[in-house]
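All remarks here apply to the structure that follows.
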Amino acid sequence: VSAPRSAVAAVAAFLATGISIDPAVRSAPETPLPLAHREPELPVHELGRPTGAAPLDIRLEISPDGHGAHRVIVRRPGFLVSLRDERARSAGAEWTQLRVALEGGGATTGRLVWETTPLEGPITTTRGMVHLAGAGGTLSGEIVETPPPEVATLWNGPHAKCLAYHDGFGGFSVLCRLPKTVRVKGVANLTGRDALEDAWLMPSGLARFDLARSPSGAEGRVIGLIEGVTAVVLSVEGRFPLKDVPSLMFHESSRRQPVAAF
Amino acid sequence: VHRRGLALLALGAVALGCGSPSAEAPSAEAPAASEPAQGEAARGGSLVIDPGSWSAWIADSDNHALHDVDLVTLAAVTTPLEGTPEQVAIVADGRIAVTLRDRNQVALLDVEADGTARAVSIADVACDPFGLAVTPQGEILVTSAFCHRLTALDGASLEERWAVDLAREPRAVVATPDGARAFVTHLVGDAVTVVDVAAKDHTPRRVRALGGLYRNRVDRAIGAGTLHPAAALAYAAVLSPSGSTLYVPHLAEQNGASTVRTIPGAYGGVPVEEDTSFASVAVVAAEAERAVGAGLMLAPDEALDRAAFLGVAADFAVAPDPAPCRQARAVALADERLLVASQGTGELVELDARALDPAMSVRRTIRVGDGPTGVDAVSGIAAVWSQVAHEVALVELESGAVERAVIAPDPLPPDVAAGRRLFLTERDRRISRDGRACAACHPEGRDDGLVWKLGAGPRQTPTIVGRLDRGPFGWQAKHDHLEDNMRETMGRLGGSVLPEPDLSRLAAFLRRGLVAPTRVDPPRDDLASRGKELFTSARVGCSGCHRVETSFSDRTLHDVGSRSTTDTSSRFRTPPLLFVGSTAPYFHDGRYPTLEALLADNFDRMGQTSQLSRDDLRALAAFLRTL
């Protein structure tokens, strides 16, 4: 089950037009997530059980958003922070958020998955959960750590180094580090309803892609960069065929760009 | 070991007096036609591997022969055929089905103990039979390229079960593992056709999946603004073993806009020119019948432009190089490897089948014989048939080791054979700036169905096979000699132009090597006969310019009011009408998608047709389709 992508696209436009907010934070759904009533069945590459409290520098904030829902914010200084469940994903430098709605008046519970990766240095990702409990119009939460994500594959190319994780829901999360010498860089989601959803690029050169298992059967992200006079396209592509096992692949292609004579 | 005489007699015996289907078929050993056979779907190709005997069957169109090649020794047993074989397929009972392109037939052959094949049944099908597939139920599916038809034959008796009209130039056909559907590729257009094989209603559906859909999104996102939205040359296709994914290699083209871009620099920038085409592989979700990684539910193109603006900007002057397989004549799947026979480069190109456009993800290229047209793979081995070199290559996929053997002579005259190589070859900068081959626009001497933006105005690619007997040539009739016309064409494509001897060889191939579709005694029903009367009548006046005795053209310039806003001239040469029924679109700028549309809009610009009734116009169109 995934949130309508139109909602994701809509909130991106909303955030872009008004409120002062970290521009790296995108893809928080406009329609708040209803709090799940029960835990879903664990997929093959499961999230794992909590191993203890989250690192001390991670902070969880939950506050009403003034529109009947709650903002769930996770902060960690010096890290790319991701927050997601099966339906929606957000990420940003040092903090990110998702909006969560309480359905009905009774007590409900749910959970979100957080992951943090250092903005600088090696790609090492920490994962955990935010356990949420709602009752009487209020939402509370507890943040815990789980085993780190299971590595699906890695890419060690001349222009980028990437680690791909099983996201725990049948899809993949990919983190790539670009060299400092890159002159121009950008990322795009080529298979989403919005070109910027589920694709994040930090000024430090760290990129994150979430390739959730999707009904469309395929997820494609691309990093474009120029280093010297060579233009490079790094493609990250996940395929989720109905009858076959999912696959994830990296491919890098480059071409020396024509140079104007002076 | 060649057993030409014996096999020839065997096939001849069946061919004599054969109707559709053959009265002699099936043989006593063959299963009854009504017996439901639930085997595995089998693919056709100019080379198919029989894993049971560890051999490969090869359709050698030059030598009119079927080769049975031992994949250990590469020794060949040859069976001569009375016709030009295009594809072979292994039928469930071990028999071999083969399309005989020039005879408009499908033959079913028994394999003898010595490896030769003996025809047991022959059936007539619509003209120009090309692709083959076998369904799990035992039906043989046949595409007819020029007559654009899909025919289902009983796998044992070759009795026609059903047939359905398709869009232009159907080529490969593959059946799903459950036998429910078949996918058909086309040499022209941007769609594959889906036909419900097992259902009673075989009405074809078109799935727009070609034209580098995903690649174009990548190029747009990175700011490489030269897109390639048109498509052609989908010769081949392969389904994943589960049937979930269909792969269709093809050529993505930019025919409607300039491929020249200007990058910033001194004196106002530097013009750079992108390729007019690149190889692409459409990945189709077979169940959903839609292209993977592209579709209506995605971010619009403008959103990708926005992504490019935010990030990469427009600094990508040219996009990364695509795969070197613009004429993908055959394709096979071996786990994650998508193996493409690249006819224009003489290579087997290994792509990553997991990619959303595998042509963007080249793993390696392996040199094989010139003009590969067939590939199949099994157990870590790929076998490739190269029709131009008459050579089999055996590729060990893990190591890339290649063993090659020539198994048949080249029967073509030397000048024609050399001309064919020139016609097919890519990356020859004498022919075009971007390495485009003659065969990229004129596959098999036919056309790509596209209208190209050229300096003198838009020009529809003309079919040339059978139309080069005499000049003048070109839409403007500028050249009396074919070689002069070719010289101008190569110059217009940015090539440095072939030297005179090579031009002569190329002309020899175009005149004597290209094979026109065979239509023996084209059917002339009452409607077509009425159309012929109208066409040749002085009252209607078609034949005044489209002279019957000279291939339906007076070869002179006329102003028929067809000048478009971008044309530099109003007068165009009367085009020959041979094969006109299957060469849409029409007029020099391709403005009419059908003959009916052309005739309905003619009024009295060509001849006098405004007084004709709707039935008369239908009759004229019916007659034109018989030419």
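In what follows, chains carry the letters A, B, and so on, assigned in the order in which the sequence lines appear, proteins first and then strands, with residues in each chain numbered from 1. What you are looking at is a predicted structure, and each value in this text was computed from that prediction instead of being measured.
Using a 4.5 Å cut-off between heavy atoms, B/A285 does not touch chain A at all. If you measure heavy-atom distances from A/S235 to chain B, the contacts under 4.5 Å come from the side chain alone. Only the backbone of B/V362 has a heavy atom closer than 4.5 Å to any heavy atom of chain A. With a threshold of 4.5 angstrom between heavy atoms, B/S361 approaches chain A through its backbone and through its side chain.
Between A/I226 atom CD1 and B/I222 atom CD1 the span is 9.0 Å, to the nearest 0.5 Å. Here B/L356 contributes atom CG and A/M249 contributes atom CE; the two are 8.0 Å apart, rounded to the nearest 0.5 Å.
Under the 4.5 Å side-chain criterion, counting only non-hydrogen atoms from C-beta, A/V222 is not in contact with B/R217. B/M360 is not listed as a side-chain neighbour of A/S253, based on a closest heavy-atom distance of 4.5 Å or more. With a 4.5 Å cut-off on side-chain heavy atoms, B/D219 and A/V233 do not count as touching. Residues A/L190 and B/R220 are not in side-chain contact: their nearest non-hydrogen atoms beyond the backbone lie 4.5 Å or more apart.
Remark: B/T276 pairs with B/D434, B/R436 by the side-chain hydrogen bond (donor to acceptor under 3.5 Å, both in side chains) rule, at least two apart or across chains.
Side-chain atoms of B/R354 never come within 3.5 Å of backbone atoms of A/R239 as a donor-acceptor pair (strictly under, hydrogens ignored).
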